[in-house]
Amino acid sequence: MTESQRKLHLTAFMRPVSLHPGAWRYPGSYPDANFNFKHIAKFAQKLEAAKFDAFFMADHLAVLNMPIEALKRSHTVTSFEPFTLLSALSTVTDKIGLAATASTTYDAPYHVARRFASLDHLSGGRAAWNIVTTGNPETSHNFGFDEHLAHGDRYNRAREFYDVVTGLWDSFADDAFTRNTETGEYFDPAKLHTLNHAGDELKVRGPLNIARPPQGWPVIVQAGQSEPGKQLAAETAEVVFCSPKDIEGAKALYADIKERVEKAGRKRDQLKILPAAMIIVGESKQDAQQKRLDLDSLVHYDTAIAALSISLGTDVSGLDPDSFLPEDLPETNASKTSRESVEKLAKQEGLTIRQLAQRYGGYAGLTFLGSPSDIAEEMETWLREEASDGFTCTFPFLPQGLEEVTDKLIPELQRRGLFRDEYTGSTLREHFGLAKPENRFFSKTL
């Protein structure tokens, strides 16, 4: 595909339905949007009508490890289990991909392989597995462990876990099920493979008791930017979910991962890099900025100032909230990069300490805001300059924030030739332009 033919891939980050803690309080929003199936089904249908690639669900296996005073204000404290929700959504959608997170640290590969194979069959080939190693140390206590597995050990397990799951998906050849009513043979035994995996971390016999998924394998998504995470992505992933802060950081990450992909013997275009970005659409940039300030103002100040103090590396809770950040803050051993980032933002946008705190207590990640034309132009720059292959879109509040993207931004992207007008296939692999993996045990070339 030539540079002029490249189009954006867009997925929607939908668990939680908004990453911003003030989203549920925004005027006109659904306070229960994160845990109301009727709302979520309508969101999925709206995204599908806009031709989004996928509906993407993160997952947490524990209540978030934050102080109870902050936790009691969080709309993420209750959420649906991903497979249950996506299975339900598969019955009310037809084309949009359905991506779920499943942990390689606190689950068994047979369970994961079985669930995703089932979801891929139920949805007609629309499933994707977001591989995570689970970073929250509190999770260990919910699975009978006193301590969280070390970072490097989690990634070693994840790499082997991937091999086992994909091996289990290949248990049956695509044409194994003959269902011959004359002979009484339901499947051909010669087209069944028993994995018999015995590795450093895992021991799994197999075979999987489910036919090979329609996509061969559900699409593999990987989230993370650490060195082990980037290497795991290069070797295994087909979509990378990441969180660069700006275009320069994104370009460096994009080049790094794509180079690793080629060194791993894979083609660059067989891995799509989709940074997370909150999208705030307004009539103008000023209008969108005001929406953001209004949203940030809904973050409780006690929670917000604690987040800002952490980012600055020094306690600023005693300062006047409506004053500006002083230039003579005491030096600390905390991250200078983090402090410099806060100070730069404060000067660029002229934010008071209160506004700055509410930004860091709300959502301080990559954000595109402005008119549909403003945002489309910025997204096009990212695509053309190889900072991304598209975006994982997060919404500031729902339903309005989602509808402003689908009803206003998407048509502008389509007008510019940056996004599809219609789905050209029915599976998620087809949406992403990804090849169906050959069965390692029953290759057509054998």
Any side-chain heavy atom of [X] sitting closer than 4.5 Å to one from [Y]?
X      : Y      : result
Thr424 : Glu430 : no
Met278 : Leu19  : no
Glu404 : Leu409 : no
Leu202 : Arg157 : yes
Ile247 : Glu385 : yes
Thr11  : Phe52  : no
Pro244 : Gln225 : yes
Thr166 : Arg440 : yes

Does anything in residues 221-264 pair up under ring pair (Phe, Tyr, Trp, His ring centres under 6.0 Å), and if so which pairs, sequence neighbours excluded?
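Of all non-adjacent pairs touching residues 221-264, those that pass ring pair (Phe, Tyr, Trp, His ring centres under 6.0 Å) are Phe13-Phe241, Phe56-Phe241.
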Should the heavy atoms of other residues, nucleotides or ligands under 6.0 Å from CD of Glu377 be counted, would the total exceed 12?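 It does not: Glu377 CD has 12 such atoms or fewer within range.
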Atom NZ of Lys251 with >12 non-hydrogen neighbours under 6.0 angstrom:
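Enclosed: over 12 neighbouring heavy atoms sit under 6.0 Å from NZ of Lys251.
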Salt bridge (Lys or Arg N to Asp or Glu O under 4.0 Å) partners of [range], not counting sequence neighbours, each pair once:
range            : value
residues 179-188 : none
residues 220-241 : Arg159-Glu235, Glu227-Lys230, Glu227-Arg260, Lys230-Asp256, Glu238-Arg429
residues 388-401 : Arg6-Asp389, Lys258-Asp389
residues 197-206 : none

In terms of side-chain heavy atoms, does [X] have a donor or acceptor partner in [Y] at a distance below 3.5 Å?
X      : Y      : value
Asp170 : Trp217 : yes
His197 : Glu160 : yes
Asp32  : His75  : no
Arg359 : Ser311 : no
Glu81  : Thr84  : yes
Asn130 : Thr101 : yes

Run the salt-bridge test on [X] and [Y] with the 4.0 Å N-O cut-off and return the result as yes or no.
X      : Y      : result
Lys51  : Glu422 : yes
Asp53  : Lys272 : no
Arg266 : Glu262 : no
Asp175 : Lys191 : yes

Ring pair (Phe, Tyr, Trp, His ring centres under 6.0 Å) partners for [X], two or more places apart:
X      : value
Tyr423 : His431
Tyr162 : none
Tyr26  : Phe397
Tyr30  : His39

For Ser371, the side-chain hydrogen bond (donor to acceptor under 3.5 Å, both in side chains) test, sequence neighbours excluded, returns Asp374
Handout entry: Backbone of His20 reached by a side-chain donor or acceptor of Ser18 within 3.5 Å
Key =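 Such a contact is found between Ser18 side chain and His20 backbone.
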Nearest heavy-atom contact between Leu383 and Lys7 is CD2-C, 4.1 Å
| query | Can you name the side chain to side chain contact (heavy atoms under 4.5 Å, CB included) partners of Asn209, sequence neighbours left out? | reply |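 Testing Asn209 for side chain to side chain contact (heavy atoms under 4.5 Å, CB included), a comparison that skips the adjacent residues, returns Tyr110, Arg114.
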So Trp382 and Phe368, ring pair (Phe, Tyr, Trp, His ring centres under 6.0 Å) or not? Walk me through it. CA-CA 11 Å; Trp382 279 61; Phe368 294 145; 5.6 Å; yes
Trp129 vs Phe116 aromatic rings, parallel, tilted or perpendicular, using cut-offs 30° and 60°?
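Correct class here is tilted.
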* Lys263: partners by salt bridge (charged side-chain N to carboxylate O under 4.0 Å, His left out), with sequence neighbours left out ->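 Salt bridge (charged side-chain N to carboxylate O under 4.0 Å, His left out) list for Lys263, sorted by chain: Glu259.
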Is Arg212 close enough and on-axis enough to Phe172, meaning under 6.0 Å and within 45°, for cation-pi? no
Among Leu89, Ile96, Thr427, exactly one meets side-chain contact (heavy atoms from CB on, under 4.5 Å) together with Arg126. Which residue is that?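 Only one option passes, and that is Ile96.
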